[in-house]
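For reference, the structure discussed in these notes is given below.
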Amino acid sequence: MMVSNSEPLPEGTVIMADNQFAGRGQQENTWYSEPGLNLTFSIFLKPSFLPINKQFMLNVAVSNAINKALGHFVADGVKVKWPNDVYYKDRKIGGVLIENSISGAAFKSSIVGIGLNVNQQKFDVEKTNVATSLYEILQHDVNLIELLAEVCSRIESEYLKLKTGNYNSLMKYYLENLYRFNELGLYRQNGEVFEATLTGITEAGQLILFTSGKERIYNFKEVEFLKD
Ligand code: BTN
C-alpha cells in the first residue's frame, strides 16, 4: 500500500475508503460497512511528544473529538463507551481502532482508524438492537465529506490539547461524556454477572467499577457491558 512507499508519510494524512473489502474492527473483529454510506477513514499521526504511559490519552483526545463532531449534528445522547466505541443512547454508532508503533520508550507513529455509521438505514437482524446510524437518529442523510471535515478539525484541536499535556482537562471532558459514568449498570466477567457503578478510568485507560463495596480495576477485554 502507499504508506510503505519511499516518501515518509506526512503527519495528519487522512486516508478514506469508500468501500473496505476487509475492514478491521476491535478485538480481531471484522468491521463491515455498506459501501458509500458510512464514514471509514484513518489518520496518520506521529505523537512522539506523548510519553508511553500516557498512550491512552490519544484515545481520549480522539474520542472527545468524535463526540464533539457528532454533537454538531445530534443535539444530545452521543457518548463514548469505554474503551473504543461511540454510542448514541444504548446503541453503537461508531468505533475507533488505534494502532501504535512504538520504538524503545517513544511513540513512532499511530494510525487512528475511525468508523461511523452515517447513512446506513438497514442493519443485519443480529445488529438491529445494538447498532444505529446518524440517518436512524436524524431521519435524513448527512453529507459524508462535511462530517469528515468536522471530525478532522475536531481531532486537530484535541490533538493540539494533547500536545500541550493538559491531560486533566481532556480526561474531564471524556468522563463527562462517558457512557454509564456514575450510573449503575450490569457487567459480566468470566461468566459472572454483577451490578456496578462506573466511577472512573485510570490514567492507563483501565475501567474502574465500584461493586460490592469496593472499587475494582479492569483491563481491556476483561469485562463486558451488559444491557439492563
Ligand atoms: C470497531 O468498532 O470495531 C472499530 C472500527 C474501526 C474501523 C475503522 S474504519 C477505518 C479503519 N480501517 C479499518 O479496516 N478499520 C478502521
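Numbering of ligands and ligand atoms starts at 1, following listing order. Note that the numbering runs from 1 along the sequence shown for the chain. In this text, all values refer to a predicted model and were calculated from it rather than measured experimentally.
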State the atoms of ligand 1, each with its element, that fall below the 4.0 Å cut-off from a heavy-atom position in F41. 10 (C)

Sub-4.0 Å atoms of ligand 1 with respect to non-hydrogen atoms of K92: 1 (C), 2 (O), 3 (O)

May I ask you to decide whether R154 forms a salt bridge with E150, counting only side-chain N to carboxylate O separations under 4.0 Å? yes

Do E176 and K172 meet the salt-bridge criterion of a basic N to acidic O distance under 4.0 Å?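 Answer for the salt bridge query: yes.
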
From the candidates S42, G115, G95, the one that places a heavy atom nearest atom 11 (C) of ligand 1: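 Looking at heavy atoms only, S42 sits closest to atom 11 (C) of ligand 1.
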
Shared ILVMFWY cluster between V142 and L148, side chains joined below 4.5 angstrom?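 Same hydrophobic cluster.
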
When you compare ligand 1 with N84, is there at least one nitrogen or oxygen pair between them that comes in under 3.5 angstrom? no

Looking at V96, L170, N100, which hits side-chain contact (heavy atoms from CB on, under 4.5 Å) with L58?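 Of all the options given, the one that passes is N100.
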
